[in-house]
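This structure is a prediction, so every number in the text was calculated from the model and none was measured. For this chain, numbers begin at 1 and follow the sequence in order. Whatever order the structure lists them in is the order used to number ligands and atoms, beginning at 1.
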Amino acid sequence: MITAVFAQRKDALVERAVGPFTVRMTADRARTQVAIIGAGPAGLLLSHLLEREGVESVVVETRSREYVEARIRAGILESSTVELLDAVGLGERLHREGFEHRGIYLQWPGERHHLDFVDLVGRGVTVYGQTQVTKDLGRARDAAGQEFRYEVEDTQLHDLTTEHPYVTFTTGEGRPARIDADVVVGCDGSFGPSRTSVPASAARTWERTYPYSWLGVLADVAPSTDELIYAWHPDGFALHSMRSSTVSRLYLQVPPETDVADWPDDRIWAALGQRLGQGQGGWRLTPGPISEKSVLPMRSFVLAPMQYGRLFLAGDAAHIVPPTGAKGLNLAVADVALLAPALGRLLTTKDETLAEAYSESALRRVWRCTHFSWWMTTMLHTSGDPFDAQLQRSQLEWVARSEAGATGLAENYAGLPIGY
Ligand code: FAD
Ligand code: DHB
């Protein structure tokens with residue numbers, strides 16, 4: 001092995017493999033209080049909330065900003081998410097462009113029931129795409145002069161069990177870089193390096209995979225419904241959601257490993273029409289041009305504790321839910337709403353109480369949402385087993401006909417208060 005030394009100060013050196021060589025180079029070096037890995041909703045919102053706590057952060061992201069802002073994902077905000085975004089000055093466009101929905105439609109062939117969350121639990125939800133939340137956060141962070149490092153590679157976390165953790169990566173220009181911090185927060189989703197930096201001996205994980213996936217499409221057509229339709233159907237689940245008065249978002253249950261190439265637009269519209277429309281009187285689904293198509297696998301995953309030394313995990317880095325209850329984005333928001341004041345206290349007054357309580361407090365809501373997402377998923381997706389189908393129909397009828405059943409769904413769907 002040949003080692004080339006490009007710098008004199010040992011602590012500023014970073015080793016990097018270049019072909020057969022291990023090259024040691026001077027790192028671009030920065031210091032901050034909190035190094036945040038990932039510029040998804042969890043990372044961006046955390047940097048915003050930390051600033052309000054008087055805490056400085058740097059955000060490191062592997063993708064480009066354009067990619068992060070265009071990524072089509074979630075679309076439903078719980079009332080507590082909206083309240084939080086309002087409280088921290090991020091609600092203006094959301095209220096102007098988002099749709100307030102009182103509830104959802106729950107249906108199966110021959111029946112469609114409206115569950116009015118506002119009547120049932122006093123609060124509804126807001127339809128506002130994750131892409132828009134991400135753009136609003138990006139603008140707010142730009143206005144505050146937030147430091148970002150986009151398009152980095154090979155992010156690695158170091159010395160997490162000391163009071164001087166640091167993060168190394170290669171910049172978009174190919175230079176090694178290092179950020180020293182008091183705390184590192186892993187907001188890098190389910191495939192990032194933060195989760196895998198926690199040794200197996202220091203955490204426990206729980207996982208469930210489901211025998212189906214979602215085919216999601218975005219279509220340039222006015223929604224055919226005023227509120228979301230969750231449809232049980234013998235052919236499989238279907239969901240009609242939306243992004244604006246001219247853009248619809250629709251999902252179909254498909255087998256795992258489905259290739260989008262097997263689903264030309266005509267087949268998608270025919271399946272959606274069948275599953276959403278069958279036995280629903282004169283209701284019609286209006287098809288339109290599809291602009292995006294993708295297959296989403298479905299999984300539940302929880303890692304606990306959500307802390308390892310000076311590393312804290314938030315959002316998808318710590319937990320994944322299947323999308324049926326629209327909880328993923330809302331859980332990420334709830335995590336950082338707890339974490340920001342905890343880190344504020346830790347870093348400004350050296351009081352560790354809230355930081356030590358973070359994982360346990362966050363996990364209470366995480367498990368509630370994990371259960372709710374599992375429950376919605378197993379109630380609505382067909383397995384092919386006729387006994388399962390009878391149980392699902394019975395459960396759906398109870399939820400739709402009983403105030404107690406409907407209230408349980410409404411309370412979980414519209415969202416529990418931050419800090420639940
Ligand atoms: P993410 O949004 O995943 O952000 C993590 C960030 O970390 C990303 O920007 C990523 O590029 C970055 N990163 C990864 N690795 C590194 C690294 N090595 N170094 C630096 N940065 C890194 N939820 C719903 O409620 N409804 C939906 O319809 C829905 N659809 C989804 C579709 C897909 C394909 C996926 C993956 C998720 C979907 N979700 C949905 C879930 C929801 O979008 C997530 O729960 C939410 O994005 C979580 O936010 P986050 O910030 O924790 O993670
Ligand atoms: C959307 C996604 C969901 O998972 C859900 O349950 C409802 C709506 C959406 O993307 O609009």
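Test R178, R29, H158 against T168 for side-chain hydrogen bond (donor to acceptor under 3.5 Å, both in side chains) and you get one pass: H158.
Counting heavy atoms closer than 4.0 Å to ligand 1, residue T62 contributes atoms from both its backbone and its side chain. Counting heavy atoms closer than 4.0 Å to ligand 1, residue F169 contributes nothing at all. Of all the heavy atoms of C187, the ones lying under 4.0 Å from any atom of ligand 1 belong exclusively to the backbone. With a 4.0 Å heavy-atom cut-off, ligand 2 is reached by the backbone of T324 but not by any atom from C-beta on.
Regarding atom 1 (C) of ligand 2, its nearest protein heavy-atom neighbour is Y251 CE1, 3.8 Å. For atom 1 (P) of ligand 1, the nearest protein heavy atom (residue, atom name, distance) is R73 NH1, 3.3 Å. Shortest contact from atom 11 (O) of ligand 1 to any protein heavy atom: E61 OE2, 2.6 Å. Of all protein heavy atoms, the one closest to atom 3 (C) of ligand 2 is P323 O, 3.6 Å. Among all non-hydrogen protein atoms, the one lying nearest atom 14 (C) of ligand 1 is D188 O, 3.3 Å. Of all protein heavy atoms, the one closest to atom 7 (C) of ligand 2 is Y230 OH, 3.2 Å.
When all heavy atoms are compared, the tightest approach of G38 to V59 is O-CG1, 3.7 Å.
Looking at ligand 1, you'll find an N or O of P41 within less than 3.5 Å of one of its N or O atoms. Residue contacts with ligand 2: S241 is placed with a nitrogen or oxygen under 3.5 Å of a nitrogen or oxygen of the ligand (distance criterion only). Not one N or O of W214 is nearer than 3.5 Å to an N or O of ligand 1, by distance alone. Below 3.5 Å of separation, one finds an N or O of Q130 facing an N or O of ligand 1.
A donor-acceptor contact under 3.5 angstrom links the side chains of N330 and T81, judged on distance only. In summary, the side chains of Y251 and Y230 do not present any donor paired with an acceptor at a separation below 3.5 Å, with no hydrogens or angles considered.
Inter-residue side-chain proximity for D159 and Y166 is flagged as met; some heavy-atom pair is nearer than 4.5 Å.
Within ligand 1, counting atoms from 1 as listed, the ones closer than 4.0 Å to a heavy atom of T155 are 17 (C), 18 (N), 19 (N), 20 (C). Near L228, meaning under 4.0 Å from one of its heavy atoms, ligand 2 places the atoms 7 (C), 8 (C). Of all atoms in ligand 2, numbered sequentially from 1 with element shown, those under 4.0 Å from a heavy atom of R73 are 10 (O). Those atoms of ligand 2 that come under 4.0 Å of a heavy atom in R243, given as number and element, are 9 (C), 10 (O), 11 (O).
Ion pairing between a basic and an acidic side chain is recognised when a charged N comes within 4.0 Å of a carboxylate O; R149 and E147 show such pairing.
For atom 39 (N) of ligand 1, the nearest protein heavy atom lies 4.0 Å away or farther.
A distance of 7.5 Å separates CZ of R102 from NE2 of H114, quoted to the nearest 0.5 Å.
At least one heavy atom of R71 sits closer than 4.0 Å to an atom of ligand 1.
For the pair R93 and Y128, the cation-pi criterion (under 6.0 Å, within 45° of the ring axis) is not fulfilled.
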